[in-house]
Number of protein chains: 2
Amino acid sequence: MDERNVRILQAVAELGTGSPDEIAEYTDIPKSTVHYRLSKLKEDGVVTNDLLDVDLEQLGLDITVVTEVTAEYDEQYHEEVGEKLADIEGVNQVYFTMGDTDFIVISHLSDRKMVHRLISDYESIDEVVRTSSQFVVETVKNESYPLNDFEFDTLIEAVDDD
Amino acid sequence: MDERNVRILQAVAELGTGSPDEIAEYTDIPKSTVHYRLSKLKEDGVVTNDLLDVDLEQLGLDITVVTEVTAEYDEQYHEEVGEKLADIEGVNQVYFTMGDTDFIVISHLSDRKMVHRLISDYESIDEVVRTSSQFVVETVKNESYPLNDFEFDTLIEAVDDD
DNA sequence: ATTGAAACTTGATCGTT
DNA sequence: AACGATCAAGTTTCAAT
């Protein structure tokens, strides 16, 4: 991995496409070089398919943190708190729950320093009362494309044509 | 949504590509029709970018379940239990933790019936002691491409060229 | 809305540095 | 490993249904 590869992957995330042409324009790297780099990333297993899913460990994002956040808020503000959490850099998923905990937040990070930064970012939100059950976890399965055969069968039964 | 659209999205998940050609072959739908359908899915916001991320709510997968699973197992079997959990149909993410809870499991499902099925699938695993903190949650943010500007900056600093 | 075939754009390849 | 020029391959469009 070097900076150029990271910039290519960054362009993918930013543009939402894997087109060598668009990536080339965005990064100012010639498109044949972009193509060469992307092929190599696939060959090395960093990028795992045509949808450009990435292997987090190979990128050094081995730390996944699952945090349960409790917040103090009026009914009408839970959306606002959720968005504040979502805006924290490094946060990938935010779920709102209706149990003891209010939010479950998931982040993929590169090192411990970033974990500390994340925690202090949580604490800087006024409404956040406490962050409990901070799990640093090992990823067993991470299916980015959220649909599987099971769901498809259900969906096919369920769909009313429109 | 109709069955044909679902089958196209299923092909995307199965093949790991958005190529009209490959999808056409897999589904036996003519490639120009596949193209027409995919364009419409993008236009309607069901598919949100060239990487073919999907809007779960629009697909009727509005129920996300986060489950904390505790298991009884010898040290060498935690991998096996993790895989059993990952194999359950409808399970999208599995994280192994080193706290009180052993696994955090995330699923996207279409209705309550499926939630019950999921729970009974957990219970059918020998080593699973209990499933606690079953949260049915509302998705505030779900970023499937797991990389963001924050991480990219960190990565660019961190990378040693290889 | 569907499709086969035509038109076109693009990604992949190759040879050179 | 990088890259500009070239070509094959793929996608997109179109007209008819």
Side-chain angles (χ1 to χ4, degrees), chain A residues 1-55 58-60 144-145 147 152 155-162, chain B residues 1-55 58-60 144-145 147 152 155-162:
Chain A
M1 280 302 274
D2 63 1
E3 175 170 343
R4 235 172 173 186
N5 278 344
V6 176
R7 279 179 51 226
I8 288 171
L9 293 175
Q10 186 168 22
V12 171
E14 191 65 41
L15 302 169
T17 179
S19 157
D21 239 349
E22 290 190 44
I23 296 169
E25 179 161 6
Y26 186 86
T27 59
D28 272 317
I29 300 170
K31 73 171 178 177
S32 51
T33 304
V34 170
H35 178 258
Y36 174 81
R37 290 287 190 134
L38 271 179
S39 322
K40 201 149 192 323
L41 285 169
K42 284 177 194 169
E43 195 181 301
D44 295 347
V46 176
V47 169
T48 53
N49 58 25
D50 289 355
L51 304 177
L52 305 185
D53 288 335
V54 295
D55 183 322
Q58 291 213 42
L59 272 175
S144 71
Y145 204 79
L147 301 165
F152 283 119
L155 275 175
I156 287 176
E157 284 168 38
V159 284
D160 32 10
D161 305 2
D162 66 339
Chain B
M1 279 302 273
D2 63 1
E3 175 170 341
R4 232 171 176 186
N5 278 345
V6 176
R7 280 179 50 226
I8 288 171
L9 294 174
Q10 187 168 21
V12 171
E14 191 65 41
L15 301 168
T17 179
S19 158
D21 237 348
E22 290 190 44
I23 296 169
E25 179 161 8
Y26 186 85
T27 58
D28 272 317
I29 300 169
K31 70 175 174 180
S32 51
T33 305
V34 170
H35 178 258
Y36 174 82
R37 290 286 189 135
L38 271 179
S39 321
K40 203 150 191 320
L41 285 169
K42 283 177 194 170
E43 196 181 301
D44 295 348
V46 177
V47 168
T48 54
N49 60 24
D50 289 356
L51 304 178
L52 306 186
D53 288 335
V54 295
D55 183 321
Q58 292 213 42
L59 272 176
S144 73
Y145 203 79
L147 300 164
F152 283 119
L155 275 175
I156 286 175
E157 285 167 37
V159 283
D160 31 10
D161 306 1
D162 65 340

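Since the structure is predicted, the reported quantities are computational estimates derived from the model, not experimental observations.
Rounded to an integer number of Å, the gap from B:Asn5 CG to C:dT2 C1' is 13 Å. Distance B:Ile29 CD1 to C:dT2 P: 9 Å, rounded to the nearest Å. Distance, B:Lys40 NZ to C:dT2 P: 10 Å, rounded to whole Å. B:Asp21 places its CG atom 15 Å from the P atom of C:dA5, with the value rounded to the nearest Å. One can place CE of B:Met1 at 16 Å from C1' of C:dA1, the figure rounded to the nearest angstrom. C:dG11 atom C1' lies 10 Å from atom NZ of A:Lys42, rounded to whole Å. One can place CG of B:Asp28 at 11 Å from P of C:dG4, the figure rounded to the nearest angstrom. Rounded to whole Å, the distance from OH on B:Tyr36 to P on C:dT3 is 12 Å.
Taking CD1 of B:Ile23 as the start and OG1 of B:Thr33 as the end, the distance is 12.5 Å to the nearest 0.5 Å.
The side chain of B:Arg4 contributes no N or O atom lying less than 4.0 Å from OP1 or OP2 of C:dA1. At the phosphate of C:dG11, neither OP1 nor OP2 sits under 4.0 Å from any side-chain N or O atom of A:His35.
Scanning all heavy atoms of the two residues, the minimum distance from B:Val34 to B:Pro20 falls at CG1-CA, 4.1 Å.
Considering only heavy atoms from C-beta on, A:Lys42 comes within 4.5 Å of A:Leu52 through its side chain. Taking 4.5 Å as the limit, some side-chain heavy atom of A:Leu9 sits within range of a side-chain heavy atom of A:Met1. Contact annotation: the side chain of A:Ile29 approaches that of A:Ile8 to within less than 4.5 Å [non-hydrogen atoms, C-beta and beyond].
Remark: B:Asp2 engages B:Arg37 in a salt bridge, criterion side-chain N to carboxylate O under 4.0 Å.
From the 5' end on, the contacts that DNA chain D makes with chain A at under 4.0 Å to a non-hydrogen atom open and close at D:dA1 to D:dG4.
The closest donor-acceptor contact from the side chain of B:Thr17 to the backbone of A:Asp50 lies at 3.5 Å or more, if one exists at all.
Contacts of A:Ser19 with the nucleic acid, taken as non-hydrogen atoms under 4.0 Å apart, involve only primed sugar atoms and P, OP1 or OP2.
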